[in-house]
Amino acid sequence: MKAPIGVFDSGVGGLTVAREIMRQLPNENIVYFGDTARVPYGSKSKDTIIRYSRQDINFLQTKKVKAIVVACNTASAVALEEIKDEYQVPILGVVEPGAMAAAEATQNGNIGIIGTEATIKSGIYNNYLRKIKPNISIVSKACPLFVPLVEEGLIEDRVTDDIVGRYLGEFKEYQIDALILGCTHYPFLSNSIARFMGPEVKLVNPAYETAKQLKELLKQKNILNEGEEKVIYDFYVSDAVDKFNSFANGMLPIQVESSSVVNIENY
Ligand code: DGL
């Protein structure tokens, strides 16, 4: 089935998931929406995150998507359960796949989770992890400055290293051996985080497992794209299109020539 996969995030973070979908599902067309006018989601209230997520999904549905990936931990944590039954289209989040990947990655059962304020407050990673492995110990922390650092492109920067040290210092006490990057923006900071945490801590990026689960879902529903045509990737944002394009071009395996601006409040 040729219809595209819809992918959305509050900004550029979901590109880490889109990139993984491109890699694992190279025949699938993608429509990406980044809500760059309203980023960050992670410090907003539950009601606002739910309203934004509905609008993002409503917009993607106008593109006749066959499945939607919520490439945002915050929306996956706070809105997904609440709204997914309102839609016919299958919707997959990143939190459950992330928890599964972390449960597999840990050897000593001590897992760290970092994410936005809303994701950490929701406790959803803890719930999934405890279902998979009841005896694990979990330590979590919100890192609200990471998203603006990424959105500003401060990926390799002394300021970023400083803030990483400040947020993650307390994890050193807990002997974690796996750290969930529970926000799709955070894989951009992997180098800095890995330098600080050291080689004994595995960084878990939920994107890989999410793309894997997406593939399973498409197979199960018999809606994989078996066509031979060149794939089409369309990008939409709610603001700051040039900034988004240059960011996307710096990290995707393809060239984004132009993205379109959407007035998301209309959906
Ligand atoms: N990238 C998103 C996440 O995974 C949202 C970050 C934000 O907008 O606060 O949580």
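Just follow the structure's listing: the first ligand is 1, and inside any ligand the first atom is 1.
- Here Arg130 pairs with nothing under the salt bridge (Lys or Arg N to Asp or Glu O under 4.0 Å) rule; sequence neighbours left out.
- Cluster partners of Tyr208 are absent, since no Ile, Leu, Val, Met, Phe, Trp or Tyr has side-chain heavy atoms less than 4.5 Å from it.
- For the side chain to side chain donor-acceptor pair (under 3.5 Å) test, residues two or more places apart in sequence or in another chain that qualify with Ser259 are Asn245.
- Two residues are said to be in side-chain contact when any heavy atoms from C-beta on lie closer than 4.5 Å; Asn73 and Thr184 meet this criterion.
- Protein residues are said to neighbour a ligand when one of their heavy atoms lies under 4.0 Å from it; for ligand 1 these are Asp9, Ser10, Val39, Pro40, Tyr41, Gly42, Cys72, Asn73, Thr74, Thr116, Val147, Cys183, Thr184, His185.
- Ring geometry for Tyr52 versus Tyr41: interplanar angle of 30 to 60°, hence tilted.
- Ring orientation note: the planes of Tyr167 and Phe146 are nearly perpendicular, at an angle over 60° on the 30°/60° scale.
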